[in-house]
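Beneath this line is the structure, given in structure tokens, with notes to follow.
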Amino acid sequence: MLSIITPAYNEVLNLPILRERLATVLGGLSVEWEWIIIDDGSRDGTYALICQWAATDRRIRGARLSRNYGSHSALTCGMGLARGEGIVSLAADLQDPPEIICELYELWRIGAKVVWAVPQRDHTGLHTIFYSLLRRGDGLADHPLSGSGFVLIDRAVAEVLNAAEERNSNLFARIRLAGFSQDSVSYRKAKRNHGRSGWTQRKKLKLALDSLTGFDHALVRSMTYLGFLVAAVGFSMAIYVVALFFTGQPPTGWASIMTAILLLGGVQMIFLGVLGEYAWRTLDETRDRPLFVVEAATDVEETDDKLCPRCL
Ligand code: UDP
Ligand code: MG
């Protein structure tokens, strides 16, 4: 069974069109399917529509979140409800063409555990800078610079994600981090059908910060490096000031004050970095991510309990 999960925030105009296109696409695949729509605190009757559909079509299910939590939380909720062996995330606004699901499905059927639909993007800019920074994180080196688009994941991967509840995180980066065999197809992202994007600048900034602080401690470490740099400049100046003493020309006020400022500033930054390293480790520990995920083992009997249940 294939589960399609759609987070929906004020999408009452888009959902009926998506329903038709989705039914055509899924009807063409010889697979049982369900469509789970998570209303992320909409104010336009999205949930009433979901209820109405669910009452007449058993393949459609849904839930309503108590307020607007953001699409990653809505997707996480849907993953918990999904019964399928494969789970696809799909936006409600028809920017992710449902027809691509066939390509994702084919690659999944021949063995990939995660299949990405990667948007083709012509422009570069902030977006590219963000993804190149994100790629520095452990296990994220293959992240495409054009972003994530949407994705099909195998139940084995969903179980890894469901096992740990992460706050302030990025679901798509977590899927990359989960590992397993990952493949991708590329697609052209369509224009939004009706309404406005629910991703305000504020939400995007939050996701960027969550992603950059959640998967790599480069920000913390850069403080330590900067500290060493400033301290090195301060130290060189200290040598210069001492040397001036010996040449019989005592240093002027400026040089000694700068030396003290740079040295002290450097030392403070180094120790802020050190504190940051401890804070990062505490954060990492509390996040409860699995230390490793065993996908397969030759000695199944022995390692049974360590394998993720779906990989057996
Ligand atoms: N969405 C959501 N909660 C939000 C924002 C968006 O559930 O707070 C849903 C939205 O209804 C859509 C998907 O997430 O199905 C992608 O969001 P959107 O199209 O608004 O963002 P963009 O395409 O601009 O990234
Ligand atoms: Mg959109």
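Order of listing sets the numbers, starting from 1, for every ligand and every atom in it. Just so it is clear, the structure is predicted and the values come from calculations on it, not from any experiment.
Taking the six-membered ring for Trp and the full ring otherwise, the centers of His143 and Phe172 sit at least 6.0 Å from each other.
Side-chain polar atoms of Arg188 and Gln120 form a donor-acceptor pair below 3.5 angstrom. For Tyr187 and Asp96, the side-chain atoms include at least one donor-acceptor pair closer than 3.5 Å.
Within the cation-pi definition used here (under 6.0 Å to the ring centroid, within 45° of the axis), Lys206 does not qualify as a partner of Tyr69.
Ligand 1 is surrounded by Pro7, Ala8, Tyr9, Glu11, Asp40, Asn68, Gly70, Ser71, Ala91, Ala92, Asp93, Gln95, Arg192, Ser197, Gly198, Trp199, Lys203, each with at least one heavy atom closer than 4.0 Å.
Of the residues listed (Glu85, Arg155, Arg59, Arg83), the one engaging Met1 in a side-chain contact (heavy atoms from CB on, under 4.5 Å) is Arg83, and it is the only one.
Residues passing the salt bridge (Lys or Arg N to Asp or Glu O under 4.0 Å) test with Asp40, sequence neighbours excluded: none.
To the nearest 10 degrees, the Mg ion (ligand 2) sees OD2 of Asp93 and OE1 of Gln95 at an angle of 90°.
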